[in-house]
Asks: 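Shown below is the structure under consideration.
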2 protein chains.
Amino acid sequence: MLEKKNSLIHFILDTVPIPKSEAEEIANTFHPIQLKKGDFLLRGNHINNDYFYLEKGLMRTFLFDLKGNEITTDFFIENNIVFEVTSFFNRVHSETNIQAITDCSGFRISYDELNTLFHNKPAFRDFGRAILVKEFITSKKRNYGMINRTAEERYQNLLSSKSQIIQQAPLKYIASYLGITDSTLSRLRRKI
Amino acid sequence: MLEKKNSLIHFILDTVPIPKSEAEEIANTFHPIQLKKGDFLLRGNHINNDYFYLEKGLMRTFLFDLKGNEITTDFFIENNIVFEVTSFFNRVHSETNIQAITDCSGFRISYDELNTLFHNKPAFRDFGRAILVKEFITSKKRNYGMINRTAEERYQNLLSSKSQIIQQAPLKYIASYLGITDSTLSRLRRKI
DNA sequence: AAAATTACTTGACAAAAGGCAAGAAATTAA
DNA sequence: TTAATTTCTTGCCTTTTGTCAAGTAATTTT
């Protein structure tokens with residue numbers, strides 16, 4: 001049974017300095033999955049049980065604000081780990097949804113599989129920590145990037161870091177992610 | 001040499017379900033330190049080598065924006081772990097400063113001590129992960145809380161989550177943390 | 001292909017927040 | 001305790017962004 005997990009193996013090797021054979025063993029624990037545009041990896045009120053390496057495609061996380069509006073809280077591009085940290089690690093029901101913006105493919109493991117790897121593969125501990133640290137840093141950068149910046153600067157910033165999103169996600173996803181209204185984003189685009 | 005690390009022991013036990021004896025052994029690896037108001041735990045351009053349990057006092061992290069203004073990026077209240085994740089885990093020079101807002105006391109370990117604990121005390125791995133997850137969640141909540149909310153709502157939110165900060169930190173720290181000008185915060189306070 | 005739905009744009013006006021500058025109040029240093 | 005510095009407040013005016021509503025364009029469904 002030949003599976004093409006090369007992208008995942010490379011991702012692991014780019015994340016932590018371990019022997020290739022180790023990376024291959026870790027990658028082989030992952031299972032391939034596919035998502036169609038609009039499909040959910042996680043629905044609100046469920047427990048996130050997928051630690052998902054996104055090989056191809058775009059995804060987003062979103063939740064509903066007090067008025068019932070969808071707020072996109074994050075975008076993911078290929079070659080990233082996608083999961084909802086609160087629900088996944090604390091085993092609680094998620095407020096957040098994870099949805100495919102385009103058709104997606106990648107590889108997943110469950111919470112139990114992840115913990116088995118933690119016990120059996122010391123190299124995977126470092127990988128897990130590195131991913132957590134990386135995502136945490138990304139979140140902090142987003143905080144900083146949202147404050148003391150105009151809507152236009154925030155848009156330009158997203159454009160340079162995740163241009164695929166700007167090109168392929170509907171305007172309303174982007175607007176709510178940037179914390180502005182659809183109208184404002186539309187006007188902003190005309191200006192540019 | 002009797003040291004009062006009860007608060008730290010309780011903090012560990014509140015974070016992960018481990019035997020008390022384990023928590024005590026972990027706590028005993030930590031060293032007591034004191035900071036005077038205004039002292040730095042970490043200065044920009046240095047490598048963060050303190051994983052610090054803040055027992056008493058208030059702290060903040062800040063950096064300089066492109067125009068040279070101080071931007072407060074986070075506040076810490078007592079009974080929290082304080083460190084700069086990027087610099088500490090990736091061993092790189094920090095852009096961020098960590099400073100005491102009031103006199104502070106607590107217990108610290110170095111990066112090497114932390115890794116020794118990781119190797120020798122499996123319970124500490126869970127603790128470390130739990131802290132990382134907790135801080136990550138806090139950061140994500142802050143993201144969500146800053147977007148699609150008026151300055152007043154953001155202020156009220158900080159007031160209810162960290163009222164000590166509102167009472168003891170200078171207005172300009174709070175204003176830059178909320179992403180508003182000193183004037184706007186001053187006017188806002190008058191209104192309330 | 002027509003109808004229905006969703007996505008995006010635009011205009012007119014309103015609200016929120018910023019810029020700048022002057023002065024008052026509080027804190028720190030001499 | 002006086003002087004110096006820092007912190008906070010306030011007025012006036014500008015800029016940014018929001019609200020609401022109408023209309024066009026694009027996509028999806030039937």
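No hydrogens, no waters, no symmetry mates; every other heavy atom, side chains included, goes into these values. So you know, we letter chains A, B, ... as the sequences are listed, proteins then strands, and number each from 1.
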Asks: Between Glu55(B) and Lys4(B), is there a salt bridge with N-O shorter than 4.0 Å?
Replies: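 Judged by the 4.0 Å cut-off on N to carboxylate O distance, Lys4(B) and Glu55(B) do not form a salt bridge.
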Asks: Expressed as a whole number of angstroms, how long is the span from Asn148(A):CG to dG19(C):P?
Replies: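 Going from CG in Asn148(A) over to P in dG19(C) covers 9 Å.
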Asks: Are the ring centres of Tyr53(A) and Phe30(A) closer than 6.0 Å?
Replies: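 No, the ring of Tyr53(A) stays outside the 6.0 Å limit from the ring of Phe30(A), centre to centre.
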Asks: Could you write out each protein N or O paired with an N or O of nucleotides 21-24 of chain C at a distance under 3.5 Å?
Replies:
none

Asks: Nearest-Å distance, CZ (Arg149(B)) to P (dA16(C))?
Replies: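 After rounding, the reported distance stands at 16 Å.
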Asks: Within the structure shown, what part of the strands sits under 4.0 Å from Ser186(B) by heavy-atom distance: base, sugar-phosphate, or nothing?
Replies: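 Contact class for Ser186(B): base.
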Asks: Holding to salt bridge (Lys or Arg N to Asp or Glu O under 4.0 Å), I want the full list of residues that pass it with Glu25(A), two or more places apart in sequence or in another chain.
Replies: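 Here the qualifying residues are Lys121(A).
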Asks: How long is the line joining CG of Asp182(B) and C1' of dC20(C), in whole Å?
Replies: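 Nearest whole value for this atom pair: 13 Å.
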Asks: Give the rounded distance in Å between these two atoms: CD1 of Ile180(A) and P of dA17(C).
Replies: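 Ile180(A) atom CD1 is separated from dA17(C) atom P by 15 Å.
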Asks: Identify whether any heavy atom of Arg190(A) sits under 4.0 Å from a base atom; if not, whether one sits that close to sugar-phosphate; answer base, sugar-phosphate or nothing.
Replies: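 Sugar-phosphate, no base atom in range.
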Asks: Which hydrophobic side chains are connected to Phe62(A), either touching it within the sub-4.5 Å cutoff or through other members that do?
Replies: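 Members other than Phe62(A) - counting any ILVMFWY side chain reachable under 4.5 Å - are Phe40(A), Phe64(A).
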Asks: When all nucleic acid strands are considered with a 4.0 Å heavy-atom cut-off, which category describes Lys67(A): base, sugar-phosphate, or nothing?
Replies: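 No contact.
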Asks: Starting from P on dA15(C), measure out to CD on Glu153(B) and report it in whole angstrom.
Replies: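 It is 16 Å, rounded to the nearest whole Å.
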Asks: Which value, rounded to the nearest 0.5 Å, describes the distance between Leu58(B) atom CG and Cys104(B) atom SG?
Replies: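 Rounded to the nearest 0.5 Å, the CG-SG separation comes out at 6.5 Å.
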Asks: Rounded to the nearest 0.5 Å, how far apart are CG of Leu114(A) and CZ of Phe127(A)?
Replies: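 Separation between the atoms: 9.0 Å.
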Asks: Decide if the gap between the ring center of Phe118(B) and the ring center of Phe124(B) is smaller than 6.0 angstrom.
Replies: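 Yes, the ring of Phe118(B) comes within the 6.0 Å limit of the ring of Phe124(B), centre to centre.
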Asks: Closest-nucleotide mapping onto DNA chain D: is Leu188(A) or Ala169(B) further toward the 5' terminus? I mean the 5' end.
Replies: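 By nearest-heavy-atom nucleotide position, the 5'-most residue is Ala169(B).
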Asks: Evaluate side chain to side chain contact (heavy atoms under 4.5 Å, CB included) for Ser183(B) paired with Leu185(B), printing each intermediate quantity in order.
Replies: CA-CA 5 Å; Ser183(B) 318; Leu185(B) 179 52; over 6 Å; no
Asks: Is there a donor and acceptor pair, one atom on the side chain of Arg187(B) and one on the base of dG18(C), closer than 3.5 Å?
Replies: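 Donor-acceptor pair under 3.5 Å: no.
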Asks: Hydrophobic clusters join Ile, Leu, Val, Met, Phe, Trp and Tyr when side-chain heavy atoms are under 4.5 Å apart, directly or via other members; which others share one with Leu54(B)?
Replies: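 The other cluster members (ILVMFWY side chains, heavy atoms under 4.5 Å, direct or chained) are Ile33(B), Leu35(B), Leu41(B), Leu42(B), Phe52(B), Met59(B), Phe76(B), Val82(B), Ile98(B).
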Asks: Reading DNA chain D from 5' to 3', where do the contacts with chain A start and stop? Cut-off is 4.0 Å to heavy atoms.
Replies: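 Span of nucleotides near chain A: dT17(D) to dC20(D).
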Asks: Is there a side-chain contact between Phe136(B) and Val85(B) (heavy atoms, below 4.5 Å)?
Replies: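 A side-chain contact under 4.5 Å is absent here.
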Asks: Which residues in residues 170-179 of chain B have a heavy atom closer than 4.0 Å to any atom of DNA chain D?
Replies: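 Contacting residues: Pro170(B), Leu171(B), Lys172(B).
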Asks: Less than 4.0 angstrom from a charged side-chain N to a carboxylate O is my criterion; do Glu84(A) and Lys140(B) meet it?
Replies: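 Between Lys140(B) and Glu84(A) there is a salt bridge, with a charged N closer than 4.0 Å to a carboxylate O.
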